[in-house]
There are 2 protein chains.
Amino acid sequence: MTAPAALTAASDARSVEILDLVRHAFAEKGFDGASMQDLARAAGMSVGNFYRYFPSKAAIVEGLIHRDLSEIEATFAAVMGSPDPLAVLRATLAERVNEDCAADGQIWAEITAAALRKPEIGAVAQKMEDEIAGYMMAVFARITGLSLAEAHIRFRAQATLIVMLVKAAAMQPAQEPETRSNLSALILRTIDRTLDEVVASALKG
Amino acid sequence: MTAPAALTAASDARSVEILDLVRHAFAEKGFDGASMQDLARAAGMSVGNFYRYFPSKAAIVEGLIHRDLSEIEATFAAVMGSPDPLAVLRATLAERVNEDCAADGQIWAEITAAALRKPEIGAVAQKMEDEIAGYMMAVFARITGLSLAEAHIRFRAQATLIVMLVKAAAMQPAQEPETRSNLSALILRTIDRTLDEVVASALKG
DNA sequence: ATGTGCTGAATGAACGTTCATTCTCGGAAT
DNA sequence: ATTCCGAGAATGAACGTTCATTCAGCACAT
């Protein structure tokens, strides 16, 4: 039983490598715009071999989403593991909003559009956003001392808004540095206010 | 000279009709996903004739953007023309955030993605967002009594954030009605707070 | 007859996907 | 030490489809 397991593990590791190589090409040309030939070339292999790792184009998008999700999962694990989760959450969000990652924005824009268009991708993307909101609400529960269920009832909108803001910030096109930094600052202030509201609402209610 | 002008005018009117017919098909299949055959069928005409109105796919996207922009222009004209611009602006934004127009969200997602990918579309989209922000800043100048130039310096980020929030709200996927209305309410509260900040900042400084 | 507006079949390129084939190479047999 | 084997990695040509774009020809008004 070790042989097949090892094989799958090796293949999975390779898939992750391929996803990293392919990501840029996908972001640049879009879901329908990037051909399998393009993607195979980006991965440094032939078309046929490429199909051994991803049986379809949609599978690549799903792979990219899962990869992003597992990164975010790790981030939230760090947040939850820290002694001051709220501060770490704030810092993490600040970093994400301030970093000028055009590539991430491009691919998120593609995924957002594809999610609204193709139901199979929409389902995966929806699940991802739900899980992120779930992590965020878990942090809220931890901060406020409320139960997870209570936090889900009270703070779902806040969690969704924050995710939405981070996504929207990443999808913003390139601008003059000053304009951009003013906007980033305002977005961060908005996020901070929303977090303040979560804390305050818990103290009151 | 009247003949060509009339022809162009008639052709422009027809183009607008076609854009309305085509919009839905474009939103459903995306920029690369929608074929010229699809679009011609949606417009109720032959492929060849369709090319007489739009010589390329990018031209259609530009047309859609211009059409949206002129609608928004009219909306802002109404805002500026009213005796209480701030109240009308608030009401207009509330309406836009609450209306569940999945079609608009889909096409905005497509345009956002295409804008990040194709520079020619990005330029047009950027110009559109700049103009919208410009209208909003004009409203801010009117409300606060500041000069247009001063409003541009002070409130560009606020204007951009509000546009961003409205766009993001439209691009949100379908959800349970309660979740959705909670989110809409929070987004509106965030917009209102941003507008409050504009007013307050003007009183202070 | 002449001009005009429109059609939809034709064209060649490019698409996603498949598959017959070749290459690579670690270890079993000699 | 040499040969051979087989399994999985990799190839790229081929398939049927669909794409954007063009244009010869039709109907109809003048």
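Note that the structure is a prediction, hence the values are computed from the model and not measured. Numbered from 1 within each chain, the chains take letters A, B, ... in sequence-line order.
- When atom types are taken as modelled, the side chain of B/Lys167 and the backbone of B/Ala109 share no donor-acceptor pair closer than 3.5 angstrom.
- Atom CZ in A/Phe50 sits about 14 Å away from atom P in C/dC15, given to the nearest Å.
- In terms of phosphate contacts, B/Arg52 brings no side-chain nitrogen or oxygen within less than 4.0 Å of OP1 or OP2 of C/dG5.
- Residues from residues 33-42 of chain B that place a heavy atom under 4.0 Å from any atom of DNA chain D, listed by number: B/Ala34, B/Ser35, B/Met36, B/Gln37.
- Put simply, CG on A/Asp32 is 20 Å from P on D/dT17, counting in whole angstrom units.
- The pair B/Asp32-B/Arg117 counts as a salt bridge, with a side-chain nitrogen and a carboxylate oxygen less than 4.0 angstrom apart.
- Minimum atom distance to the side chain of B/Ser46 is reached by C/dC6, of the listed D/dG12, C/dG16, C/dC6.
- Of the possible donor and acceptor atoms, none in the side chain of B/Gln175 sits under 3.5 Å from a partner among the backbone N and O of B/Arg180.
- At most 12 non-hydrogen atoms from other residues, nucleotides or ligands lie less than 6.0 angstrom from NZ of B/Lys29.
- Without hydrogens or angle criteria, A/Arg156 side chain to B/Thr179 main chain gives no donor-acceptor distance under 3.5 Å.
- Side-chain contact of A/Asn49 with A/Ser46: a donor-acceptor pair under 3.5 Å is absent, judged by distance alone.
- Between B/Leu165 and A/Leu165, the closest side-chain pair of non-hydrogen atoms falls below 4.5 Å.
- Every residue meeting the ring-ring contact (aromatic ring centres under 6.0 Å, His included) condition with B/Phe155, not counting sequence neighbours, appears here in chain and number order: B/Phe140.
- Side chain of A/Met45, nearest nucleotide from D/dT11, C/dC6, C/dT17: D/dT11.
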With the criterion being N/O to N/O and under 3.5 Å, what pairs connect the protein with nucleotides 19-24 of chain C, and how long is each?
none

